[in-house]
Amino acid sequence: MVPDSISPMPPRALVTTSLETPIGRLWLSAGAAGLRSVQRTEHPPDGATLGESDALADATRQLAEYFSGSRRGFDLWLDLDGVAPFHVAVYRAAMAIPYGATAAYGDVAAEVGSPRAARAVGRAMAVCPLFPVVPCHRVIHADGSIGGWGPDLWVKRWLLRHEGWR
């Protein structure tokens, strides 16, 4: 039983801004803890509050540098509150894949201590809220095919080519 004197935590305020990129408009959302999401859509996310923050300014600048070719990695605070621990481990492993390199889903699974969880890694990549900051595009099939991303497969291909892969 929860005492009446305890109230739920208030939702954390997120602010959102957009960035035009070669792969389309990205909507970046951040709160006090850091960057929460990057979404490739034409319209702001539902419930978005347009605004600015230090986290958004840093993320916007670093993403613009990445797309211009002058940045190869990101130095941003990420807000992964509410993300499953397995997914957080997968995202950290993906962030360790060097710019211009790739790793197989099974390699990432082994890296996080679950060598038989290649499909679970694929699911984590499919719902990653922070691409390309978390470089899920660098995770490919063991046979070297890029796979994944459904109708946005061209985005994954573009990001890999942008980084000089094949």
Side-chain angles (χ1 to χ4, degrees), residues 12 14 16-19 21-41 45 55-166:
R12 296 195 302 172
L14 293 176
T16 302
T17 193
S18 68
L19 174 67
T21 74
I23 60 169
R25 179 176 289 161
L26 298 180
W27 288 94
L28 292 70
S29 297
L35 186 64
R36 170 77 63 93
S37 70
V38 178
Q39 300 176 33
R40 195 182 71 79
T41 63
L56 281 180
D58 285 346
T60 301
R61 177 183 49 79
Q62 290 186 33
L63 280 162
E65 292 168 355
Y66 169 80
F67 284 107
S68 75
S70 64
R71 176 174 286 277
R72 293 179 166 227
F74 297 95
D75 182 22
L76 298 167
W77 286 99
L78 303 181
D79 181 354
L80 296 173
D81 186 43
V83 176
F86 178 77
H87 288 203
V88 171
V90 167
Y91 300 157
R92 285 187 177 145
M95 291 174 78
I97 302 168
Y99 182 94
T102 58
Y105 292 99
D107 296 336
V108 173
E111 181 68 28
V112 300
S114 299
R116 299 181 68 192
R119 287 183 187 213
V121 167
R123 282 192 295 279
M125 294 288 128
V127 298
C128 179
L130 289 159
F131 97 96
V133 175
V134 172
C136 29
H137 59 281
R138 295 181 191 154
V139 183
I140 64 172
H141 291 279
D143 67 4
S145 63
I146 64 174
W149 290 42
D152 289 332
L153 184 59
W154 73 269
V155 173
K156 185 172 185 174
R157 185 174 287 115
W158 190 96
L159 292 168
L160 288 169
R161 286 187 180 148
H162 174 68
E163 294 184 4
W165 184 74
R166 290 196 227 197

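Quick caveat, the model's predicted, so the values are computed rather than measured.
Side-chain N or O atoms of S37 include none that pairs as donor or acceptor with a backbone N or O of P129 at under 3.5 Å.
D152 places none of its side-chain heavy atoms less than 4.5 Å from the side chain of I23. Side-chain contact check for W149 versus R157: every heavy-atom pair is 4.5 Å or farther apart. Side-chain contact check for L63 versus P132: some heavy-atom pair is nearer than 4.5 Å. In this structure the side chain of F74 never reaches within 4.5 angstrom of the side chain of L35, judged on heavy atoms. Under the 4.5 Å side-chain criterion, counting only non-hydrogen atoms from C-beta, L78 is not in contact with Y91.
Heavy-atom contacts from other residues, nucleotides or ligands closer than 6.0 Å to CG of D143 number more than 12. Counting non-hydrogen atoms of neighbouring residues, nucleotides and ligands closer than 6.0 angstrom, the CD atom of Q62 exceeds 12 such neighbours. Atom CZ of R92 has 12 or fewer neighbouring heavy atoms from other residues, nucleotides or ligands inside a 6.0 Å radius.
Once rounded to the nearest 0.5 Å, the distance linking OG1 of T17 with CH2 of W27 reads 7.0 Å. Taking CE from M125 and NE2 from H87, the interatomic distance works out to 9.0 Å, rounded to the nearest 0.5 Å. In this structure, the separation between CG on L14 and CG on L28 is 12.0 Å, given to the nearest 0.5 Å. The distance from the CD atom of Q39 to the CZ atom of F131 is 9.5 Å, given to the nearest 0.5 Å. From T21, atom OG1 reaches atom CG of L26 across 4.0 Å, with rounding to the nearest 0.5 Å. With values rounded to the nearest 0.5 angstrom, S68 atom OG is found 7.0 Å from H162 atom NE2.
For the residue pair R138 and G100, the shortest heavy atom distance occurs at NE-N, 4.4 Å. Closest approach of P45 and S29 over heavy atoms only: CG-OG, 4.3 Å. Nearest heavy atom pair, residue L153 against residue G147, reads CD1-O, 3.5 Å. Taking each heavy atom of A109 and A118 in turn, the nearest pair found is CB-N, 3.8 Å. For A33 against W77, the heavy-atom pair with the smallest separation is O-CB, 3.7 Å. Smallest separation of non-hydrogen atoms from P135 and A94: CG-O, 3.2 Å.
Taking the six-membered ring for Trp and thresholds of 30 and 60 degrees, F67 and W158 have ring planes inclined between 30 and 60 degrees apart.
Among R71, R72, E163, the one residue that satisfies the side chain to side chain donor-acceptor pair (under 3.5 Å) test with Y66 is E163. Checked options D107, L160, V139, I97; the residue passing with T102 is L160 (criterion: side chain to side chain contact (heavy atoms under 4.5 Å, CB included)).
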Before you tell me yes or no, could you show the steps for Y105 and R119 under side chain to side chain contact (heavy atoms under 4.5 Å, CB included), namely the whole-Å CA-CA distance, both residues' side-chain angles and the distance that decides it to 0.1 Å? CA-CA 7 Å; Y105 292 99; R119 287 183 187 213; over 6 Å; no
